[in-house]
Amino acid sequence: MRVGTPGFVPERLAEIRAARRILSMTELARMLGVNTAAVSRWENGIHAPDADALSDLARELRVRREYFLRPVHVSDHPMFSRSYASALKRDTSYQGSQMQWLQEISSTLQHYVDFPEVDIPNVMNGLTYKQLRDEDIEGIAQDLRAHWNLGQGPCLNVLEVLERIGTVVGSIEMGTSKLDGLCSWSRGEERPHILLASDKMSLPRRQMDAAHELGHAVLHKGVTEVELKADLKEIERQAFRFASAFLMPATTYVYEVKHYSLAGLLSLKEKWRVSVKAQIRRLKDLDVIPDHHATQLHKSYSARGWQKEEPMDREWPIPEPSLLRDAFNLIVDSGTRTKAQLLAEEFTMHPADIENLSGLPSGWFNKGEASVVQLTLKAGPQKNADHSIPGEIIPFSKR
């Protein structure tokens, strides 16, 4: 970079543009009152914006100036996204930027808080995703249920399981019905991060989305970006098969199905917290019902208008992630850092963006600080970080 602000990171400009759903450089240039060529040079790393232009960028895009001077938090692993083919590029780019921010927030908090250790055993037994058979996926789901002591009955809160085994989960409104979950392993610490959409949400959908992304974390960690693009359909099918096997074990669920009708499946929904639609597919995948029977059930399902909402969808509260929220509260309540110090010394994103991704109440950074969580502090040197300040490490107890 030959001119402008030293240390400017052009990838940060691309990231924030995606986070603000600004599709083109021309659109951003219009917002700033500059020509498109200037924005192009900044984002392509040819030139850096001068001090005044950097201030304009920060103000217009609602970040601190320092945001553009820190490296992007990019993983070596691909992001597994369940977006529909018709999803707009600005929406999928937005989702990717939010995952990068989720990993950045998580990494920063771990300078202060010991998150639960990642407890995802290697269950692939040397297989690649291309070698997986359906029976392998069924066996993996069973092995993990046993490893995590979940038994063979309904798993009523997959999100709680995810956080207990060391997965960082965020839940945000995507602003479109064409985006679902997203999963990626972080760089360095190798911790899975999952971002769930809160749009069009019900408990059964939250359960399936969470289990689906868990499937990616378990089965597809070694998949490359090239393989993901080439085999997306099969990779997605495998994740769904895992989720179904995890939520509806063949050893128990199938034997509880007494009537292969919508009424019969609806009665099981109350116990297993799985949608009728997912149950139809599960029974078909296991060859419990023939294809023509599944087709008839789907027709009756659509005729009743259940595609938009099934009975009981509104009856249960939807679990929300708590790991990041509790970590923030713990840091502040212990006196290790104030909210103002966190914003001034650790984070460069807008407070509302941090609150959104971390499950904090809107305006949390502006509210008075009160004790919420009481855990024991552990003295010790802080983990190294270029932008951190020495302090105590706080253990985050497994729940």
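All values below come from the heavy atoms of this structure, side chains included, with hydrogens, waters and symmetry mates left out. All values reported here derive from a predicted model rather than from experimental measurement.
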**OP:** Begin with the C-alpha distance, continue with both residues' side-chain angles, and end with the deciding distance and a verdict on side-chain contact (heavy atoms from CB on, under 4.5 Å) for V113 and F328.
**Re:** CA-CA 9 Å; V113 177; F328 269 109; over 6 Å; no
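- With hydrogens and angles disregarded, a donor-acceptor distance shorter than 3.5 Å links the side chain of Q207 to the backbone of C155.
- Looking only at side-chain heavy atoms (C-beta outward), T336 and Y112 come within less than 4.5 Å of each other.
- R281 is linked by a side chain to side chain donor-acceptor pair (under 3.5 Å) to nothing, counting only residues two or more places apart in sequence or in another chain.
- In this structure, I194 and C183 have side chains that are in contact, with non-hydrogen atoms separated by less than 4.5 Å.
- Listed by chain and number, the residues in a ring pair (Phe, Tyr, Trp, His ring centres under 6.0 Å) with H220 are F80, H216 (sequence neighbours excluded).
- Counting only distance, with no hydrogens or angles, the side chain of D136 and the backbone of R133 share a donor-acceptor pair below 3.5 Å.
- S244 and R282 make their closest contact through O-NE, 3.6 Å (heavy atoms, listed as atom of the first residue, atom of the second, distance).
- The distance from the CZ atom of R241 to the CD atom of E234 is 11.0 Å, given to the nearest 0.5 Å.
- Residues L266 and M312 approach most closely at O-CE, 3.1 Å, considering heavy atoms.
- One finds the CZ atom of R205 at 10.5 Å from the CD1 atom of I318 (value rounded to the nearest 0.5 Å).
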**OP:** Would you check, one step at a time, whether the test side-chain contact (heavy atoms from CB on, under 4.5 Å) holds for E11 with E43?
**Re:** CA-CA 7 Å; E11 293 83 3; E43 194 165 311; over 6 Å; no
Below 3.5 Å, can you tabulate the donor-acceptor pairs from side chains in residues 283-297 to any protein atom, sequence neighbours excluded?
residue: H293; atom: NE2; partner: Y260; partner atom: O; Å: 3.0
residue: T295; atom: OG1; partner: D291; partner atom: O; Å: 3.0

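- For the atom pair CD (Q103) and CZ (R191), the distance works out to 11.0 Å, reported to the nearest 0.5 Å.
- Between A245 and E138 the shortest heavy-atom distance is CB-OE1, 3.5 Å.
- Residues L61 and I22 are in side-chain contact: their nearest non-hydrogen atoms beyond the backbone lie under 4.5 Å apart.
- Under the rule for a side chain to side chain donor-acceptor pair (under 3.5 Å), the partners of E310 that lie at least two apart in sequence or sit in another chain are K269, Y301.
- Hydrophobic clustering keeps I16 apart from L69 (ILVMFWY residues linked when any side-chain heavy atoms are closer than 4.5 Å, directly or through intermediates).
- The distance from atom CD of Q142 to atom OG1 of T251, rounded to the nearest 0.5 Å, is 4.0 Å.
- Few gaps surround CZ on R237; more than 12 heavy atoms of other groups in view lie less than 6.0 Å from it.
- Relative to the six-membered ring of Y94, R21 meets both conditions, a distance below 6.0 Å and an angle of at most 45° to the axis.
- Between P321 and E163 there is a side-chain heavy-atom pair separated by less than 4.5 Å.
- Of all the heavy atoms in R64 and A344, the pair that sits closest is NH2-O, 3.1 Å.
- For E256, the salt bridge (charged side-chain N to carboxylate O under 4.0 Å, His left out) criterion is met by K271, not counting sequence neighbours.
- H350 places a side-chain N or O within 3.5 Å of a backbone atom of A352 that can act as its donor or acceptor partner.
- M174 has its side chain within reach of L195: a pair of non-hydrogen atoms, C-beta onward, lies under 4.5 Å apart.
- Exactly one of R187, K221, E190 qualifies for a side-chain hydrogen bond (donor to acceptor under 3.5 Å, both in side chains) with H77. That residue is E190.
- L127 is connected to V218 through a chain of hydrophobic side-chain contacts under 4.5 Å among Ile, Leu, Val, Met, Phe, Trp and Tyr, so both are in one cluster.
- T167 contributes atom OG1, which lies 11.5 Å from atom CZ of F115 (distance to the nearest 0.5 angstrom).
- Residue V169 is not grouped with residue M201 when hydrophobic side chains (ILVMFWY) are merged at heavy-atom distances under 4.5 angstrom, including chains of intermediate members.
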**OP:** Tell me, with the steps shown, if S107 and H73 meet side-chain contact (heavy atoms from CB on, under 4.5 Å).
**Re:** CA-CA 9 Å; S107 176; H73 209 90; 3.4 Å; yes
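- Seen from the ring of Y67, R12 counts as a face-on cation partner, given the 6.0 Å and 45° thresholds.
- By the 4.5 Å heavy-atom criterion applied to side chains, L232 and E227 are not counted as neighbours.
- Side-chain atoms of N44 never come within 3.5 Å of backbone atoms of I46 as a donor-acceptor pair (strictly under, hydrogens ignored).
- Residues meeting the ring pair (Phe, Tyr, Trp, His ring centres under 6.0 Å) test with Y129, sequence neighbours left out: none.
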Original post:
Please walk me through it: do T348 and R70 pass side-chain hydrogen bond (donor to acceptor under 3.5 Å, both in side chains)?
Top reply: CA-CA 9 Å; T348 59; R70 292 187 181 174; 4.6 Å; no
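- Residues L156 and W316 do not share a hydrophobic cluster, defined by chaining ILVMFWY side chains whose heavy atoms lie under 4.5 Å apart.
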**OP:** Evaluate the salt bridge (charged side-chain N to carboxylate O under 4.0 Å, His left out) criterion for residues K308 and D313: first the C-alpha distance (whole Å), next the side-chain angles of each, then the deciding distance (0.1 Å), finally the verdict.
**Re:** CA-CA 10 Å; K308 293 183 178 180; D313 275 355; over 6 Å; no
Subject >> ring pair (Phe, Tyr, Trp, His ring centres under 6.0 Å) between Y253 and W272, worked out >> reply: CA-CA 8 Å; Y253 162 79; W272 289 84; 5.6 Å; yes
Original post:
Stepwise, does the side-chain hydrogen bond (donor to acceptor under 3.5 Å, both in side chains) test hold for E355 with S362?
Top reply: CA-CA 6 Å; E355 291 164 355; S362 178; 4.5 Å; no
Subject >> side-chain hydrogen bond (donor to acceptor under 3.5 Å, both in side chains) between S106 and H193, worked out >> reply: CA-CA 9 Å; S106 166; H193 287 65; 3.1 Å; yes
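- By the 4.5 Å heavy-atom criterion applied to side chains, D209 and R206 are not counted as neighbours.
- Summarising the geometry of M79 relative to L228, their closest heavy-atom pair is O-CD2, 3.4 Å, with the distance given to 0.1 Å.
- A cation-pi arrangement is absent between K277 and W306, since the terminal nitrogen or guanidinium carbon is not both under 6.0 Å from the aromatic centre and inside a 45° cone about the axis.
- Looking at R17 and E27, no side-chain N of the basic residue comes within less than 4.0 Å of a carboxylate O on the acidic one, giving no salt bridge.
- Atom CG of residue L357 and atom CZ of residue R325 lie 14.5 Å apart, to the nearest 0.5 angstrom.
- With hydrogens and angles ignored, the 3.5 Å screen pairs no side-chain donor or acceptor of R65 with any backbone N or O of R59.
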**OP:** Evaluate the criterion side-chain contact (heavy atoms from CB on, under 4.5 Å) for residue pair T5 and W42; output intermediate values, then yes/no.
**Re:** CA-CA 10 Å; T5 305; W42 299 339; over 6 Å; no
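- For E270, the CD atom counts as loosely surrounded, since its 6.0 Å shell holds 12 or fewer non-hydrogen atoms of other residues, nucleotides or ligands.
- Note: the hydrophobic cluster containing L343 also contains L109 (ILVMFWY, side chain heavy atoms under 4.5 Å, direct or indirect links).
- For the pair R145 and F246, the cation-pi test (distance below 6.0 Å, angle within 45°) is passed.
- The two atoms that bring L203 and P319 nearest to each other are CD1-CD, 3.4 Å, heavy atoms only.
- Counting heavy atoms from C-beta on, the side chains of I165 and V118 never come closer than 4.5 Å.
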